[in-house]
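In what follows, a single structure is set out as structure tokens and then discussed.
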Amino acid sequence: MALAEPLARVDGIENARLRADLAAALGEADGPAEDRWRARERAETAADRARAFLRSQGYYAARIDARLDADGRALIRVRTGERFLFDGVRVAFDQPDGAPEPVDAVQDALALSAGDPVTARSVLDARARLTAALQENGFPEAQTAEYAVTVDHADTTADAVFTATTGPFILLGDGRFAGGLAELRGDYIDRLAPYELGDPASVSALNIYASRLAALDAVAVADARLAPVEEEGPDGLRPVDVRAEPAPRQRLTGAVSWSTDEGAGARGSWARRNLFGGAERVTVSGQIAQLERLASVEFFAPHWAAYGQDLRLAAELAQERTDAFDQDVIRLDAELTRRFSRKWSASLGAGLHTGEITDAQGTRTLTTLTVPVGAVYDGRDDVLDPREGLYVDLEAVPGWSVGDADVRFVRTAAGARFYQALGSELTLALRAKTGAVWGASADSIPADLRFHAGGGGSVRGYGYQELTPLQVSPRTGALEPFGGRSLIEGSAELRWRRSERLGFAAFVDGGAAGPDIEPAFGEVRYGAGVGVRYYPGFGPIRLDIATPIDPRPQDDSFQLYISIGQAF
């Protein structure tokens, strides 16, 4: 098979960037020309392509000679001449009678002025910016602008005139709702509008309106568009027609998991959507597992009282049986989350937990009031299976426990996850987490607020909570995991998406919980392993097998984990 070679050699251009761009525009030939006639044809073709390319870059006076070199190969000699510059750039608006002149932002959007090089790309980009600016500033029906460029070879300049057919000037009016939105309250749907009544019409505002509606759990698909011109009100406001199709009012879900350290588990839930016309959702859930059994009910109100502000109320009855503690507890929680941007959010909550706890300190009854405060930065490209981005979460939980103990404390935690695509198939995922309990010892705070390490969501290869400070259990008289005041964890995982359905992973985890507020770096232990990922279409099903590195005598030789979703 013949090797490719440049269509023609270029002589006469000293600017390296321009020479490289011209070579790319000329392209390649399959191999040497068969004879001098074919070589001459190649030179002529290369000259035509070079002429078109140089004109697109503002070299309207370029001279190009097609010839053959001493070896009989295609050659073009180029004299670019001076680059033409714009002498004047003007915008003309073709408008209906009575339409206002477009705002200065539309004129400025052209971003093309006298002295700029006359290039095809700059003209096309300016036309696109002008059209987009009109459609964002009250002229959503503006047509793609026309343009004319007049070149003056005498003084190597050019004049450009852009003519924009604006269409009517439109102000946004009330929303009119149909389809599935009839089940949502009008004031709630208005809350989602990204504009104020009477704002100039904007194509992006209508698209954002539709996307906000479609993101609701109660809505399947949504669309927002301007009403016909004949329906414009006497105040000059054009109504917005909003249509949507509702999602099913009820939803059933279920999942199972299994691991060698936590055993088997199953959970299920029933949800009822749009209870009061504000896209509210109530979810009743249950879980039966070797270590935990629970029943819960949760009320979730998206965009509660304001757009981007969510309210969650939850009640839970749980029974936990772990090596570190046994607990029967009732939890009542409330949380208000506010999104400040697509990536940033903050939350404020309150929790009241009461229960009976049995651990190495004996059996106690505690009632704990907490006021968790948190912030999240979520820059991931995908929630279920991210390949790019950064996720950071920060939390501080002031608490006060009364009952068989009276203690005040603050529990803090910070975590970060980083994802980087390495080509089309590989993803590097990194995770780090640290935490501390301030103002109280580990044995004086509720068991589920201490830090524990080890297991499938922590350090794979070790048993659940096994990288945790130990105390003698009054139940068995043996040393058992108790929990600590500090936590340090980290993970590195390389994920290979081999095909649409199948993937693999290799990972190393490390971490430990410590008895003191300082991280127990000297107690950190590591586990390593490999995994298989199956992608059914909604997120991966995960199977991981991991083994401890430098295991202790009490550590098992391996641990196996099966669940839905990536490890982190």
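What you are looking at is a predicted structure, and each value in this text was computed from that prediction instead of being measured.
- A salt bridge links E280 with R185: the closest approach of a Lys/Arg side-chain nitrogen to an acidic carboxylate oxygen falls below 4.0 angstrom.
- Remark: the S269 side chain and the T283 side chain contain no N/O donor-acceptor pair separated by less than 3.5 Å.
- The number of heavy atoms from other shown groups lying within 6.0 Å of CD (E388) is above 12.
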May I have the list of side-chain donor-acceptor pairs in residues 532-540 shorter than 3.5 Å, sequence neighbours left out?
residue : atom : partner : partner atom : Å
R533    : NE   : Q566    : OE1          : 2.9
R533    : NH1  : D544    : OD1          : 2.7
R533    : NH2  : E493    : OE2          : 3.4
R533    : NH2  : D544    : OD1          : 3.2

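- Remark: L384 engages D382 in a side-chain contact (heavy atoms from CB on, under 4.5 Å) (not counting sequence neighbours).
- Seen from the ring of Y419, R387 does not count as a face-on cation partner, given the 6.0 Å and 45° thresholds.
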Can I get a per-line list of side-chain donor-acceptor pairs under 3.5 Å for residues 106-116, giving both atom names and the distance, sequence neighbours left out?
residue : atom : partner : partner atom : Å
D116    : OD2  : S113    : N            : 2.9

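- W258 pairs by the ring-ring contact (aromatic ring centres under 6.0 Å, His included) definition with nothing, not counting sequence neighbours.
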Sequence neighbours excluded and cut-off under 3.5 Å, please list the side-chain donor-acceptor pairs for residues 131-149, or say none.
residue : atom : partner : partner atom : Å
T131    : OG1  : R127    : O            : 3.0
T131    : OG1  : A145    : N            : 3.1
Q135    : NE2  : A142    : O            : 3.1
E136    : OE1  : S202    : OG           : 2.7
E136    : OE1  : S204    : OG           : 2.3
E136    : OE2  : V203    : N            : 3.4
E136    : OE2  : S204    : N            : 2.9
E136    : OE2  : S204    : OG           : 3.4
N137    : ND2  : A133    : O            : 2.7

Counting only pairs under 3.5 Å, give me each side-chain donor-acceptor contact of residues 371-378, with atom names and distances, residues two or more places apart or in other chains.
residue : atom : partner : partner atom : Å
D378    : OD1  : R380    : N            : 3.2
D378    : OD1  : R380    : NE           : 2.9
D378    : OD2  : R380    : NH2          : 2.9

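- With sequence neighbours excluded, the residues forming a side-chain contact (heavy atoms from CB on, under 4.5 Å) with Q250 are W270, R272, listed by chain and number.
- The ring-ring contact (aromatic ring centres under 6.0 Å, His included) test applied to Y59 returns no partner, not counting sequence neighbours.
- In this structure, a donor-acceptor pair under 3.5 Å is absent between the side chains of Q309 and W304.
- For residues 338-352, the set of pairs meeting the salt bridge (charged side-chain N to carboxylate O under 4.0 Å, His left out) definition, not counting sequence neighbours, comprises D310-R339.
- Atom CZ of R498 has 12 or fewer neighbouring heavy atoms from other residues, nucleotides or ligands inside a 6.0 Å radius.
- Every residue two or more places apart in sequence or in another chain that forms a side-chain contact (heavy atoms from CB on, under 4.5 Å) with D87 is listed here: T157, D159.
- Other residues, nucleotides and ligands place more than 12 heavy atoms under 6.0 Å from the CG atom of L426.
- Residues passing the ring-ring contact (aromatic ring centres under 6.0 Å, His included) test with F84, sequence neighbours excluded: Y60, H153.
- No more than 12 heavy atoms of other residues, nucleotides or ligands shown are found within 6.0 angstrom of CZ on R267.
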Would you give me the side-chain donor-acceptor pairs under 3.5 Å for residues 44-57, sequence neighbours excluded?
residue : atom : partner : partner atom : Å
T45     : OG1  : E41     : O            : 3.0
D48     : OD1  : R51     : NH1          : 3.2
R49     : NH1  : L26     : O            : 2.6
S56     : OG   : F53     : O            : 2.5

